[in-house]
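First up is the structure itself, then whatever we jot down about it.
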Protein chains: 4
Amino acid sequence: MSSKTTTTTDKKQAILDSALLLFVSKGFNATSTASIAKAAGVATGTLFHHFSTKNDIMSQLFLSIKQEFANNMVSNTQLSGDIEKDANNLWQKAIDWAIAQPLKQLFFLQYSMSADIDVAVRKQAMTSILGFVVELIEQGKQQGIIANFPSELLLENCHGQYLAAIRFFTDNPQLGSDEQHRSASFKLFWHAMKAQ
Amino acid sequence: MSSKTTTTTDKKQAILDSALLLFVSKGFNATSTASIAKAAGVATGTLFHHFSTKNDIMSQLFLSIKQEFANNMVSNTQLSGDIEKDANNLWQKAIDWAIAQPLKQLFFLQYSMSADIDVAVRKQAMTSILGFVVELIEQGKQQGIIANFPSELLLENCHGQYLAAIRFFTDNPQLGSDEQHRSASFKLFWHAMKAQ
Amino acid sequence: MSSKTTTTTDKKQAILDSALLLFVSKGFNATSTASIAKAAGVATGTLFHHFSTKNDIMSQLFLSIKQEFANNMVSNTQLSGDIEKDANNLWQKAIDWAIAQPLKQLFFLQYSMSADIDVAVRKQAMTSILGFVVELIEQGKQQGIIANFPSELLLENCHGQYLAAIRFFTDNPQLGSDEQHRSASFKLFWHAMKAQ
Amino acid sequence: MSSKTTTTTDKKQAILDSALLLFVSKGFNATSTASIAKAAGVATGTLFHHFSTKNDIMSQLFLSIKQEFANNMVSNTQLSGDIEKDANNLWQKAIDWAIAQPLKQLFFLQYSMSADIDVAVRKQAMTSILGFVVELIEQGKQQGIIANFPSELLLENCHGQYLAAIRFFTDNPQLGSDEQHRSASFKLFWHAMKAQ
DNA sequence: GATGAATGAGGCTTCATTCAT
DNA sequence: AATGAATGAAGCCTCATTCAT
């Protein structure tokens, strides 16, 4: 009886998995729906049974990866109140995830700014993800721990450094276990943010 | 006879200009060569006299924008030897350019990571642009002014913060004349890089 | 137990009803079997339990409507022998039906000539329906009441005027109770047919 | 130099000609754009260079045939003021055209009521064509020559009889030269319309 | 150099129909 | 009988590119 459910889930998931791989390796437009279906081992029609549009695959993929990332960030996380320590924990968690899920990370790096993703979807995902960062920054500023720079600028800078860090560790996964690089990565970020 | 030359230049430039606008607003693949030609006021055939391929337009556009940016960065610039001061000068120049050329900046933000640009072209442009930054970093480390972190990490972080800054000022051009935001933008960057 | 039988009948009828509405409003080809099933409140598979083919729905619909119309024409009808009076009775009955069943009438107007209906089905229905008209015409000519024109021409003209009349009253149902229009409609027809 | 113009015209015309034949023989939906292009001896792309849509072919075909018919009706026609005589002239001209252009006539018979033609196009064509008939009817009623029936009914009846007549002569072209059938056809029509 | 009609491969999507449950 | 996920053939249309003028 679980087989029915499983089958359905499997096909839709297989399509998402194949799409992820192909979108990252060949780009959105160079990837035909036929090739996605073929790679997923399903018929073309099946693809359109689960997704209304090629763009719909992209959107659902984007949202599901964002969600996975978000779930990873909040799981087993309890804030200590020590902002630097909490920030470090989150930073390292993000790097761990980037190293563990290089494809998803590359997808995110490639498509976060792309016109291939529906603007509404992108915005929704971004704000929902960045929400908790905004809060941490405000708190840090009030405690005089984070520099008193304009918040929007801090947020954008935070985002930019995060992208740089995961790009680095996605490109150099073997350095993911090098303590020197990992701590340097956080220090760079933290020195920028903290009040002098 | 100069009119002929001028006309030719005009048409090629008109095509590049139209392509820039369309690529940024609709994306590379959603922009047909026909629409570029129409927007430029030339026939489809004319477009293919000046560019061998649609991808060729992209490449030439990418390279010409990179070149313009590079020219802007080196013009009237003489390094003083004071690394922080030089870095600040360059940083502000980059922001000025981003504000003056929002379309080109957006193009750069959108396509720097995209599969739509020929890999070879992208790599070449990147290294040639980042070359002088690499040198500055090495110099700063030797002088003990820049933190002794792994250079690759420093470079990637530098790039990430630069992208964040221009994204911010491209999105908020009116803040380009606000001294507080401009100095904060550089301080964030510099605090990250400098030796503590 | 009667409920089961009833349910079955209901579903088949629901499919025919939905098909009628959709075929008339959107056309045969713009109507998908999925949309018929959905409108009827059944699953796609169910539709193919009752009808072997999409065309089969069309054929059965066409034949059932023809049959309904034929039943309407013969019910409570007894020919008096006075051909004009009989013709008038039949003519008014046809108009009554057209007004009472506008959807079915529109279906008939739209598909009587269409390539979307199986030729064999169409021909069979036509001749069976027109059969009694042929007889009336022959009888009228022999009695010198109907003009001595070629019979095929008379039949075709009769058909054309009939279609015009029901088109008019289907489009203007409120005039169905206007005695002037109803009698004028028959007079037009009758003046054409009768011997001068 | 005429060759260029001719070529262009030829291709578009060839597509319309092939479409006419295929739409009449196989129906609109059973005719693929590929088959039209093939029959016309052009590439698929060429078809879409001249027509924006498959439906656009239909519309342009419908309008051009309507126009041809209208041109035929007004050419060499001068109304004498004797309404019966004028009506007869027009009636015979219409039959002549139907016999000379059986394909176009069949197209008209098949698609005048079809959902395959854009409603706006159909309505526009119909009213523009029927305009001059409306005038004739009004004039005849004022002179007491045409029966004092509601005009809308007269118009619809006129249209219905016309369709019946051309259907008959399109199906039996050999009877087109039979004086008996031709005069009977008009008499049927005229007896219906004229005041008794 | 400039033009734009022509090309045809290929993409996205629809849909009638099947079949395992 | 009823369901609806799955199928894959086929259709419409787009578009980069060519070429004759």
Side-chain angles (χ1 to χ4, degrees), chain A residues 1 3-5 7-12 29-38 41-57, chain B residues 4-5 7-8 11-12 29-38 41-57, chain C residues 4-5 7-8 11-12 29-38 41-57, chain D residues 1 3-5 7-12 29-38 41-57:
Chain A
M1 64 197 84
S3 77
K4 192 179 178 181
T5 308
T7 301
T8 301
T9 305
D10 281 356
K11 300 227 163 162
K12 182 165 182 180
N29 283 281
T31 301
S32 68
T33 53
S35 71
I36 298 172
K38 194 173 181 184
V42 302
T44 7
T46 306
L47 188 151
F48 286 95
H49 184 68
H50 292 288
F51 303 90
S52 61
T53 280
K54 189 187 175 186
N55 274 293
D56 187 32
I57 305 178
Chain B
K4 195 176 177 184
T5 308
T7 301
T8 300
K11 298 220 165 170
K12 180 164 185 182
N29 283 280
T31 301
S32 66
T33 52
S35 72
I36 298 172
K38 194 175 180 184
V42 303
T44 38
T46 306
L47 188 150
F48 285 93
H49 266 296
H50 294 288
F51 303 91
S52 63
T53 279
K54 189 187 176 187
N55 275 293
D56 187 31
I57 305 178
Chain C
K4 194 175 176 184
T5 308
T7 301
T8 300
K11 298 221 165 170
K12 179 163 184 181
N29 283 280
T31 301
S32 65
T33 52
S35 71
I36 298 172
K38 193 175 180 183
V42 302
T44 36
T46 308
L47 188 151
F48 285 93
H49 266 298
H50 294 288
F51 304 90
S52 62
T53 277
K54 188 186 176 187
N55 274 293
D56 186 31
I57 305 179
Chain D
M1 65 197 82
S3 74
K4 192 179 177 180
T5 309
T7 301
T8 301
T9 306
D10 281 356
K11 299 226 163 162
K12 181 165 185 181
N29 283 282
T31 300
S32 67
T33 53
S35 71
I36 297 172
K38 193 173 181 183
V42 301
T44 7
T46 306
L47 187 152
F48 287 95
H49 184 69
H50 291 289
F51 302 91
S52 62
T53 280
K54 190 187 175 188
N55 274 292
D56 187 32
I57 305 178

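All values below come from the heavy atoms of this structure, side chains included, with hydrogens, waters and symmetry mates left out. In what follows, every chain begins at residue 1, and chains take the letters A, B, ... in the order their sequences are listed.
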Please state how far atom [atom1] in [X] lies from atom [atom2] in [N], giving the value in whole angstrom units.
X: B:Phe51; N: E:dG1; atom1: CZ; atom2: C1'; value: 14 Å
X: D:Leu47; N: F:dC15; atom1: CG; atom2: P; value: 17 Å
X: B:Asn55; N: F:dA16; atom1: CG; atom2: P; value: 10 Å
X: B:Lys54; N: F:dT14; atom1: NZ; atom2: P; value: 14 Å
X: D:Asp56; N: F:dC12; atom1: CG; atom2: P; value: 14 Å
X: C:Ile57; N: E:dC15; atom1: CD1; atom2: P; value: 14 Å
X: A:Ile36; N: F:dT7; atom1: CD1; atom2: P; value: 16 Å
X: C:His50; N: F:dA1; atom1: NE2; atom2: P; value: 6 Å

- prompt: Measuring from B:Ile36:CD1 to B:Ile57:CD1, what's the distance to the nearest 0.5 Å?
  reply: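 Nearest 0.5 Å value for the CD1-CD1 distance: 4.5 Å.
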- request: Measure the OG1-NE2 distance between D:Thr44 and D:His49 for me, rounded to the nearest 0.5 Å.
  value: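 Reported value, rounded in 0.5 Å steps: 14.0 Å.
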query: In terms of the nearest nucleotide of DNA chain F, which residue is placed more toward the 5' end: A:Thr46 or C:Thr46?
result: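 Closer to the 5' end of DNA chain F: C:Thr46.
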message: Categorize D:Thr31 for me: base, sugar-phosphate, or nothing, with a 4.0 angstrom heavy-atom threshold over every strand shown.
response: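 Sugar-phosphate contact only - D:Thr31 comes under 4.0 Å of backbone atoms but never of a base.
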Enumerate the protein-to-nucleotides 18-20 of chain F contacts in which both atoms are nitrogen or oxygen and the separation is below 3.5 Å.
none

message: OP1 or OP2 of E:dA6 versus the side-chain N and O atoms of D:Lys12: is any pair under 4.0 Å?
response: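 Answer no for this pair, as no side-chain N or O of D:Lys12 is under 4.0 Å from OP1 or OP2.
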task: Ignoring backbone atoms, test whether B:Lys38 places a side-chain nitrogen or oxygen under 4.0 Å from the OP1 or OP2 oxygen of F:dC15.
output: no
message: Partner lookup for E:dA20, please. Criteria are Watson-Crick or G-U wobble with both distances under 3.5 angstrom; report none if nothing qualifies.
response: F:dT3
Side chain of A:Ser32 - closest among E:dC12, E:dT17, E:dT7: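 Of E:dC12, E:dT17, E:dT7, E:dC12 is nearest to the side chain of A:Ser32.
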field: Among F:dA16, F:dT7, E:dG8, the one nearest B:Thr33 by side-chain distance
entry: F:dA16
message: If we ignore hydrogens and angles and just use 3.5 Å, is the side chain of B:Thr53 paired with the main-chain N or O of B:Asp56 as donor and acceptor?
response: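 Checking the backbone N and O of B:Asp56 against the side chain of B:Thr53, no donor-acceptor pair under 3.5 Å is found.
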field: Whichever of A:Thr53 and D:Ala43 has its nearest DNA chain E nucleotide further upstream toward 5'
entry: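 It is D:Ala43 whose nearest nucleotide is closer to the 5' end.
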